[in-house]
Asker: 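There's a structure below that I have some questions on.
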Amino acid sequence: MKTIQEYIELLAARNEQIRELQERISGLEAELDKREIELRNLKRMHFGQSSEKRKKPESLEPMPLFPEYDEATVEAIDNTLPPIAPSEIVNAIEEETKQRKAKKKTEQKSKQQRERRTLRLPDNLEREVVTLYPDGYDSDKMEIIGKDSTITLERRTQEYYLKEVVRVICINKSEKGSTRPRVMQHPLLPRISEHGYLGDSMIVNILVDKFCHHLPEYRQAKIFREHGLDIPTSTINRAVHQAIDKLYPIYYAQMKAVLRSPYVHMDETEA
């Protein structure tokens, strides 16, 4: 049987152990608080809004990511702390990775489906059929049992032509010997460029390419040269201005319609 002194010494030893454990617990709680602050900062940096990312961190005190512990401390932590579940950051990263893979797979599948689709073309498109027979084909000795067709969209080179308008000049036969016979001739047809050699269809195509397809005049002149037509840019520019002059009545009609409105918006952008 132990004496009272032995019990006192045993109690003092137990008290010392309790004090050491309390100090160790306090240190672990402080370390856990630091880790929570660091985790919140990391969440704000990776998943927060722009204003949160610019926010000053809660703690600027440098802290080692892997502090050194003695073997007893590590063993005590392993025995006392519950198993750590995956953090929210890890779960969020894994979920984002899965979503990216699923999105990429869906986009690839959609792209393949689009490539397999048939072109949507107008019904009135001209169709040119080219039939190819095998070498040595003889219709008297051979029988066709099937066909394989390949349909492609093709384009012919632009075709230019000269249009000659002949206005016949004539007189009455009864006035043939007269000194002042009455001469008859069809009047000139109205044209955009009255004295130029560019026809209306050419000028209309130039306007469409310039204002609808954003093709500058010097590039159109280059395209014409590739087809063997040496049309200067000054001629193209003159035809464009002549066509625009013909459209001034539409401009004035639109301006009058706007000015008749009770409320008019103004654009103050300088030219």
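Remember, it's a predicted structure, so these values are computed and weren't measured experimentally.
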Asker: State, to 0.1 Å, how close A221 and I231 come at their nearest heavy-atom pair, and which atoms those are.
Answerer: CB-O, 3.7 Å
Asker: Test Q108 against T106 for side-chain contact (heavy atoms from CB on, under 4.5 Å), laying out the working first.
Answerer: CA-CA 5 Å; Q108 291 178 350; T106 304; over 6 Å; no
Asker: Taking atom CG of L21 and atom CG of L28, what is their separation to the nearest 0.5 Å?
Answerer: 10.5 Å
Asker: Between R24 and E20, does any NZ, NE, NH1 or NH2 come within less than 4.0 Å of an OD or OE carboxylate oxygen?
Answerer: no
Asker: Does Y197 share a hydrophobic cluster with I206, counting links as ILVMFWY side-chain heavy atoms below 4.5 Å and allowing steps through other members?
Answerer: yes
Asker: So, taking the atom named CD in E95 and the one named CD in Q99, what distance separates them when rounded to the nearest 0.5 Å?
Answerer: 5.0 Å
Asker: With a cut-off of 6.0 Å (strictly less than), are more than 12 heavy atoms of other residues, nucleotides or ligands near CZ of R167?
Answerer: yes
Asker: Going hydrophobic residue to hydrophobic residue with side-chain gaps under 4.5 angstrom, can you get from I223 over to F211?
Answerer: no
Asker: For a quick test of reading the model, state the closest non-hydrogen atom pair linking M184 to N172 and the distance between them.
Answerer: CE-OD1, 3.7 Å
Asker: Test of understanding: clusters of I, L, V, M, F, W, Y form through side-chain heavy atoms closer than 4.5 Å, transitively. Do I236 and L229 belong to the same one?
Answerer: yes
Asker: Would you check if I144 and Y137 make a side-chain contact, meaning some heavy-atom pair closer than 4.5 Å?
Answerer: yes
Asker: Restricting to non-hydrogen atoms, name the atom on T233 and the atom on Y218 that form the minimum distance, rounded to 0.1 Å.
Answerer: CG2-CA, 3.7 Å
Asker: Taking R19 first and then E23, would you say they form a salt bridge - that is, a charged N and a carboxylate O separated by under 4.0 Å?
Answerer: yes
Asker: Give a yes or no on whether I171 and V168 share a hydrophobic cluster (residues Ile, Leu, Val, Met, Phe, Trp, Tyr; joining criterion: side-chain heavy atoms under 4.5 Å apart).
Answerer: no
Asker: Would the distance check show the side chain of Q185 and the main-chain N or O of C170 forming a donor-acceptor pair, the cut-off being under 3.5 Å?
Answerer: no
Asker: Should K101 and K105 count as side-chain neighbours, where that means a heavy-atom distance under 4.5 Å?
Answerer: no
Asker: What's the separation between atom OG in S201 and atom OH in Y160, rounded to the nearest 0.5 Å?
Answerer: 10.0 Å
Asker: With rounding to the nearest 0.5 angstrom, report the CG to CG distance, N205 to D200.
Answerer: 11.0 Å
Asker: Could you measure the distance from the CD atom of E29 to the NZ atom of K34? Nearest 0.5 Å is fine.
Answerer: 13.5 Å
Asker: Which residues pass the salt bridge (charged side-chain N to carboxylate O under 4.0 Å, His left out) test with E128, sequence neighbours left out?
Answerer: R156
Asker: Treat each ILVMFWY residue as a node, draw an edge where side-chain heavy atoms are under 4.5 Å apart, and state whether I244 and L215 are in one component.
Answerer: no
Asker: I need the L11 CG to R14 CZ distance, nearest 0.5 Å.
Answerer: 9.0 Å
Asker: If you take all heavy atoms of L198 and I203, which pair is closest and at what distance?
Answerer: O-CD1, 3.8 Å
Asker: State plainly whether the residues R35 and E38 are in salt-bridge range, i.e. N to O under 4.0 Å.
Answerer: yes
Asker: Among pairs that include at least one residue of residues 211-227, which meet salt bridge (charged side-chain N to carboxylate O under 4.0 Å, His left out), considering only residues two or more places apart or in two chains?
Answerer: K210-E217
Asker: Would you please indicate if the ring centroids of Y263 and H265 are separated by under 6.0 Å?
Answerer: yes
Asker: Sequence neighbours left out, what pairs pass side-chain hydrogen bond (donor to acceptor under 3.5 Å, both in side chains) with at least one residue falling in residues 242-256?
Answerer: S193-Q242
